[in-house]
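Working notes, beginning with the structure itself.
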Amino acid sequence: MPAPARRLLPAQVHLPSGGVARLSDAAARARASSVFGAPAGRGGGERASIGRCALDVQVLAGPSVLADARGAPLDPLGLPLTDAHVLRALLASAGVVPEEPGAYTCENCSAPFEVAPSGLLEIGPFTDGELDDPELDLPFDFGVSHPIPALRVGRAVCRVVRLVERTVEEAMPLLRLPDDGVLRVTPSLVVAMGIAALGRERRAPVIADALAGAPDEAWAAIVDLYHEARYPARLLAVHRCQGCGARNDLDVPLARELARAPLRAPGADADALGEPRSTRAGTRARASPSSAFPDLDGFEARVRAAAGRIYEARGVRNIDLFIDAGVPACDDGGEPLLGCYTPGTPADALGIAHPPEIRIFYRTFRSEAREDPGFDIDAEIEETIDHEVTHHLHHLAGSDPLDDEEREQIAREELRRVGHAEAVRRARRGALSDVAGFVRATWPAWLIAAVGTALAWCAGGR
């Protein structure tokens, strides 16, 4: 079986800032070999004294690697961080720079998997200039303060942070930090991160002291905002779980300059508000499932009570109701379902008929409640059951426009992510593949027909 074709760096890309850059695949690979000390893909070779982000910038700064739209050399140090991280992602996506697979677990079924996320990046919108989606391409708002969990800044308690834009050169003190080094929040690091203010405080030394003692959840929220400001929303990979089909969104590139993990060892001391520090590194503080969500028996009681009311109001009956505590099913887009409807089937050869069924997925409701503190369990139960009853009524009527609408919405979301031009290219390749497969499967018949036609022609010409 032939090896898959190597993915090349795109010759031209559109950047989030609105500019256009040209890339040389050959020059980038030559430079990467020099910077990393070995060809990409063999692993190792990274220099321990400098952060991965800075190494990628060194590759971009190599001779003839990066140019502007007119072909003039382009210095990556002058680029906004958002542009630079897109270019870093493209380097990893094409295998120009190494990216070792990361270890993950499926968010739906908890099955482990390993993948190098950048290889799954959809680059079409960057190469085709389709960076105009009102959500995926919405610029970060640097003009406002953004809410964060409370932390103490001097004598005040702060609940907002304001960031400013940064170029690669301005952020270099942060980008150069070794991947295995200890992050120490200093005034220069605060400036490199682009933190202009914590609450009303604008002095970098005071902000640095506050961040060094910040509660884990406050630090994680600031890192999330930093990533939102510096990494466009399109920099994600979608991995579909082979077991349950769920969609898992992964960061691209995998190597980033800040981690959400605590700055200090969990439980080492009290946080700036005088409370014990969280022991869950890298996660937001959330209420425990036992206190925030009902157990399976309590959940089932609430579901059956809601179903009784809705069945009566909608005038339906004889629809089986099943509360599923296993791995939730997923829709065509890979999203775990809150509920689903299965039409009934007539009696089979053994005389067994299956009534229609509404299935409610306990684990999806529990996950949603964990992620969203404002999740209204009872309201969502009622909305889900009513939604599935609507599917049932449409099925009885012989047509389900609600199902058609849901599938169209999934297709639109995929189109936004992949890009219109790339979707057209894939459709054409798919059509050509279908034609080629048809020819491969039927060529003997075509050959026999051709021979028969030739013989008939020869006989007729005598």
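Side-chain N or O atoms of Asp25 include one that pairs as donor or acceptor with a backbone N or O of Leu9 at under 3.5 Å. Put simply, the side chain of Arg240 gets close to the backbone of Gly245: a donor and an acceptor are under 3.5 Å apart. Of the possible polar contacts, none joining the Ser33 side chain to the Arg29 backbone as a donor-acceptor pair under 3.5 Å is found. Checking side-chain atoms of Thr127 against main-chain N and O of Gly124 turns up a donor-acceptor pair under 3.5 Å. Using modelled atom types, no side-chain atom of His395 and backbone atom of Thr342 make a donor-acceptor pair closer than 3.5 Å. Without hydrogens or angle criteria, Arg202 side chain to Ala196 main chain gives no donor-acceptor distance under 3.5 Å. The main-chain N or O of Pro10 is never found under 3.5 Å from a side-chain atom of Arg22 such that the two would form a donor-acceptor pair. At least one donor-acceptor pair under 3.5 Å links the side chain of Trp219 to the backbone N or O of Ala259. Counting only distance, with no hydrogens or angles, the side chain of Glu99 and the backbone of Ser118 share a donor-acceptor pair below 3.5 Å. Using modelled atom types, one side-chain atom of Thr390 and one backbone atom of Asp386 make a donor-acceptor pair closer than 3.5 Å.
For the pair Leu211/Ile195, a side-chain contact is recorded, criterion being any heavy-atom separation below 4.5 Å from C-beta on. Using a 4.5 Å heavy-atom threshold, the side chains of Phe113 and Thr105 count as separate. Leu15 places none of its side-chain heavy atoms less than 4.5 Å from the side chain of Leu131. By the 4.5 Å heavy-atom criterion applied to side chains, Val57 and Leu87 are not counted as neighbours. Side-chain contact between Ile360 and Phe299 is present, with heavy atoms from C-beta onward closer than 4.5 Å. The shortest distance between side-chain heavy atoms of Asn108 and Phe361 does not fall below 4.5 Å. Within the 4.5 Å cutoff, side-chain heavy atoms of Val115 are placed close to those of Tyr104.
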Self-check item: Verdict with supporting geometry, Arg429 and Glu422, salt bridge (charged side-chain N to carboxylate O under 4.0 Å, His left out)
Solution: CA-CA 10 Å; Arg429 289 196 294 268; Glu422 176 61 19; 3.2 Å; yes
Quiz item: Does the ring pair (Phe, Tyr, Trp, His ring centres under 6.0 Å) test come out yes or no for Tyr362 and Phe293, once each step is laid out?
Solution: CA-CA 10 Å; Tyr362 174 76; Phe293 197 79; 5.5 Å; yes
Quiz item: Could you walk me through whether His85 and Tyr231 pass the ring pair (Phe, Tyr, Trp, His ring centres under 6.0 Å) check?
Solution: CA-CA 6 Å; His85 287 315; Tyr231 289 84; 3.9 Å; yes
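Heavy-atom contacts from other residues, nucleotides or ligands closer than 6.0 Å to CD of Glu383 number 12 or fewer. Around atom CZ of Arg203, no more than 12 heavy atoms belonging to other residues, nucleotides or ligands sit under 6.0 Å away. Around the CZ atom of Arg184, the shell of radius 6.0 Å holds no more than 12 heavy atoms that belong to other residues, nucleotides or ligands.
Under the salt bridge (Lys or Arg N to Asp or Glu O under 4.0 Å) rule, Arg234 has a single partner from Asp249, Asp251, Asp137, which is Asp137. Considering Arg425, Gln12, His420, His14 in turn, Arg425 is the only one that fulfils the side chain to side chain donor-acceptor pair (under 3.5 Å) rule with Asp128.
Closest non-hydrogen pair, Pro149 versus Ala218, comes out as O-CB, 3.7 Å. Of all non-hydrogen atoms in Ala229 and Leu163, the two that sit nearest each other are CB-CD1, 4.0 Å. Listed here is the closest heavy atom pair of Ala94 and Leu8: CB-C, 3.9 Å. Heavy-atom minimum distance, His394 versus Asp400: CD2-OD1, 3.4 Å. Nearest approach of Cys330 to Cys244, heavy atoms of both residues: SG-O, 3.8 Å. The minimum heavy-atom distance linking Leu121 with Ala89 is given by the pair CD2-CB, 3.9 Å.
Residues Tyr226 and Glu257 bring a donor and an acceptor atom of their side chains to less than 3.5 Å of each other. Side chains of His387 and His391: a donor on one and an acceptor on the other come within 3.5 Å. When only modelled atom types and interatomic distance are considered, Ser93 and Arg7 share a side-chain donor-acceptor pair under 3.5 Å. Checking Gln409 against Glu413 by side-chain atom types alone, a donor-acceptor pair falls below 3.5 Å.
Put simply, CG on Asp372 and CD on Glu380 are 8.5 Å apart, with the number rounded to the nearest 0.5 Å.
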